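What follows is a set of notes on a single structure, which appears directly below.
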Amino acid sequence: MAQVKSVRGTYDILPEAMRAHRHVVETGRAVAARYGYEEMSTPVFEFTEIFKRSLGDTSDVVTKEMYTFETRSGEQITLRPEATAGICRAFISGGLANQLPLKFFYTGPMFRYERPQKGRQRQFYQIDVELLGVAEPLGDVEIIAVGAQILRELGVLEHTVLELNTLGDPESRQAYRAVLVEYFGDHRDKLSPDSLDRLERNPLRILDSKDEGDRALVAAAPLFGDYLNDFSTEYFASVKAGLDALEIDYEVNSRLVRGLDYYTHTAFEFTTRKLGAQGAVLAGGRYDGLIETLGGRATPGIGWAAGVERLSMMLSEPPPAARPVAVVPDGEAAEREALRITQRLREEGFTVDLGFGGKYSKRMKRVGRIDAIAVVILREDALARGMATVRDLKTGEEEVSLASLSDRLARYR
RNA sequence: GUGGCUGUAGCUCAGCUGGUUAGAGCACCAGAUUGUGGAUCUGGGGGUCGUGGGUUCAAAUCCCAUCAGCCACCCCA
């Protein structure tokens with residue numbers, strides 16, 4: 001076993017896995033573009049303060065999962081655990097407030113210091129979509145629709161369930177939170193240790209506890225619906241109506257709570273059972289207060305992030321590699337000609353494989369191994385007559401002139 | 001961060017209750033053969049048995065630690 005290994009929780013994406021990875025990203029990019037989302041990018045690290053302010057001091061990500069370090073000049077820097085904070089920071093830094101609404105597509109690596117598991121690594125990739133400057137429910141609907149369409153085109157939508165919830169506006173949320181703290185506070189002695197901790201940090205999370213004792217308490221807990229103000233209730237109804245209109249299936253899950261502090265109103269998660277405990281495949285929500293929190297002008301926002309690795313794992317069949325046309329010289333004198341012809345074909349846009357050495361039989365073996373679609377065989381005697389043999393690995397071979405070679409190969413491009 | 005399971009060649013694994021030079025299949029390399037490519041034959045390279053200690057006359061095989069992966073919790077993409 002090699003003693004040289006990658007850092008825990010990181011891994012190499014070799015070509016075969018990379019094809020699946022790229023397929024996910026390219027599908028996301030293409031679908032998002034049809035909805036008007038343009039790609040942008042931000043640095044992989046930001047001042048630590050950006051994440052602390054945006055995600056909330058008590059969130060798990062901030063309290064125990066960040067890769068934070070000090071630079072030579074003493075600045076506190078953090079490798080981004082998610083993309084939204086950086087995008088909002090860029091929105092403020094770049095003075096983009098007068099160009100609203102803005103629609104962004106994003107992809108890149110994220111970093112979280114977590115215990116690795118299947119579908120959970122310390123460096124992982126996300127695709128993201130963000131919509132800034134739209135306060136209407138239609139924005140929520142569009143954002144969810146982009147996600148659903150990407151999942152559909154990847155062929156995984158049917159293996160997911162869209163869970164939907166509302167966290168209300170700040171007023172509703174604060175009211176409910178206060179009631180919950182009081183309720184669970186009266187039952188401290190019955191709460192699990194995890195939930196006691198949640199009571200301090202994020203009491204809403206207790207609602208989603210898997211501890212049996214907690215669940216009994218949760219069953220009798222006050223309902224969020226009773227504390228939503230009219231505006232929040234209507235807002236949620238509009239979002240659901242929009243999804244209905246688009247025939248996007250969802251299940252309202254009143255216990256769905258996002259771990260990041262900045263969410264308001266709509267929260268959603270496309271989850272799957274195919275990936276074990278890491279079921280969230282694409283998740284996000286509305287974050288109307290975030291940009292203001294970071295010091296910008298109050299600007300509504302909504303978006304989601306999806307795990308590229310998780311989606312890759314769900315693909316039933318990874319996209320195949322491109323099948324090249326192989327060029328095989330037979331005899332030493334044909335080799336230089338093979339080099340020239342290969343170069344010419346590549347310039348013309350063909351994917352061409354030319355072995356680096358070996359005799360004819362060895363090179364032909366390679367042709368089979370790389371799954372070439374056709375071979376151009378260059379024999380010395382034929383070359384002297386300006387001819388080459390094109391063998392279709394499936395249908396057989398024929399002799400063509402070098403001048404018409406490209407035309408003959410056009411069908412393989 | 002907590003608990004459990006696992007760790008032998010590139011891959012999948014075999015190595016019974018500890019005993020001379022650790023094996024197989026696939027893959028890889030070379031040669032042969034096939035009127036000349038995915039078949040077949042022969043040969044070959046490759047493992048400090050995750051790592052580090054310990055027990056023992058003797059450990060891949062027992063004990064401890066450590067690292068990594070997996071599973072669950074936690075959390076989330």
Side-chain angles (χ1 to χ4, degrees), chain A residues 1-11 14 16 24 28 55 58-65 80-84 106-129 147 151 160 192-195 197-198 201-202 205-206 208-212 214 256-260 263 267-272 275-285 303-314 326 328 330-331 353 355 358-375 377 379 389 391-394 396-397:
Chain A
M1 197 55 73
Q3 63 286 62
V4 182
K5 46 178 131 185
S6 66
V7 174
R8 182 172 202 203
T10 68
Y11 62 102
L14 299 178
E16 188 180 353
V24 168
L55 305 176
T58 61
S59 68
D60 276 56
V61 172
V62 168
T63 55
K64 52 189 192 190
E65 296 175 4
R80 61 183 179 198
E82 53 106 49
T84 306
Y106 195 104
T107 184
M110 306 296 158
F111 308 84
R112 290 184 199 172
Y113 191 87
E114 291 190 275
R115 189 144 169 182
Q117 215 173 300
K118 185 184 187 123
R120 186 167 86 178
Q121 39 279 128
R122 290 180 170 181
Q123 175 175 337
F124 61 101
Y125 290 79
Q126 290 186 331
I127 55 177
D128 267 74
V129 155
L151 296 180
T160 68
S192 66
D194 275 337
S195 286
D197 188 45
R198 293 180 180 116
R201 303 160 172 277
N202 190 348
R205 281 228 84 83
I206 299 176
D208 204 18
S209 173
K210 284 165 191 163
D211 180 87
E212 280 195 35
D214 289 347
L256 176 64
V257 178
R258 315 307 326 288
L260 311 181
Y263 287 110
F268 60 92
E269 261 179 36
F270 285 87
T271 59
T272 183
L275 298 179
Q278 266 55 56
V281 155
L282 186 156
W304 53 248
V308 175
E309 291 84 356
R310 291 183 185 179
L311 288 172
S312 297
M313 285 189 282
M314 289 183 72
V328 173
D330 187 6
D353 178 85
K359 53 189 178 181
Y360 181 79
S361 69
K362 184 187 167 188
R363 299 177 93 124
M364 284 306 283
K365 278 188 179 164
R366 176 179 165 76
V367 167
R369 193 166 59 235
I370 65 174
D371 194 30
I373 191 165
V375 204
I377 299 167
R379 295 196 181 87
T389 298
R391 182 186 302 174
D392 186 305
L393 274 293
K394 206 169 177 183
E397 65 180 47

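Remember, predicted model here, so these are calculated numbers, not experimental data. When reading the values below, keep in mind they use all heavy atoms of this one structure, side chains included, and skip hydrogens, waters and symmetry mates. Protein chains get the first letters and strands the later ones, always in sequence-line order, with residue 1 at the start of each.
- A straight line from CE of Met364(A) to P of U33(B) spans 18 Å, rounded to a whole angstrom.
- Taking the nucleotide of RNA chain B with the nearest heavy atom to each of Leu282(A) and Arg391(A), the more 5' of the two is matched to Arg391(A).
- Nucleotide C62(B) has G54(B) as its partner under the Watson-Crick or G-U criteria, with both atom distances under 3.5 Å.
- A30(B) and U42(B) make up a base pair, with Watson-Crick or G-U wobble contacts both under 3.5 Å.
- Comparing the same atom, C1', in G44(B) and in G52(B) gives a spacing of 34 Å after rounding to whole Å.
- Phosphate proximity of C75(B) to Arg115(A): absent, as no side-chain N or O sits under 4.0 Å from OP1 or OP2.
- Side-chain nitrogen and oxygen atoms of Arg198(A) include at least one within less than 4.0 Å of the OP1 or OP2 phosphate oxygen of C74(B).
- Neither OP1 nor OP2 of G69(B) sits under 4.0 Å from any side-chain N or O of Gln117(A).
- Atom OH of Tyr360(A) is surrounded by more than 12 heavy atoms from other residues, nucleotides or ligands within 6.0 Å.
- Heavy atoms of Arg8(A) sit under 4.0 angstrom from primed sugar atoms or phosphate atoms, though from no base atom.
- Residue Lys5(A) has no polar side-chain atom (N or O) positioned under 4.0 Å from OP1 or OP2 of G50(B).
- For C76(B), one of the phosphate oxygens OP1 or OP2 lies less than 4.0 angstrom from a side-chain nitrogen or oxygen of Arg205(A).
- Val308(A) has its side chain within reach of Val24(A): a pair of non-hydrogen atoms, C-beta onward, lies under 4.5 Å apart.
- For Gln121(A) and G69(B), the CD to P distance is 10 Å, given to the nearest whole Å.
- Between the C1' atom of U33(B) and the OH atom of Tyr360(A) lies a distance of 16 Å, rounded to the nearest Å.
- When the shell of 6.0 Å around CD of Glu16(A) is examined, it contains 12 or fewer heavy atoms from other residues, nucleotides or ligands.
- One finds no side-chain N or O of Arg369(A) lying less than 4.0 angstrom from the OP1 or OP2 phosphate oxygen of G37(B).
- Lys362(A) has a side-chain polar atom (N or O) that falls below the 4.0 Å cut-off from OP1 or OP2 of A30(B).
- The phosphate of C73(B) has OP1 or OP2 within less than 4.0 Å of a side-chain N or O from Lys210(A).
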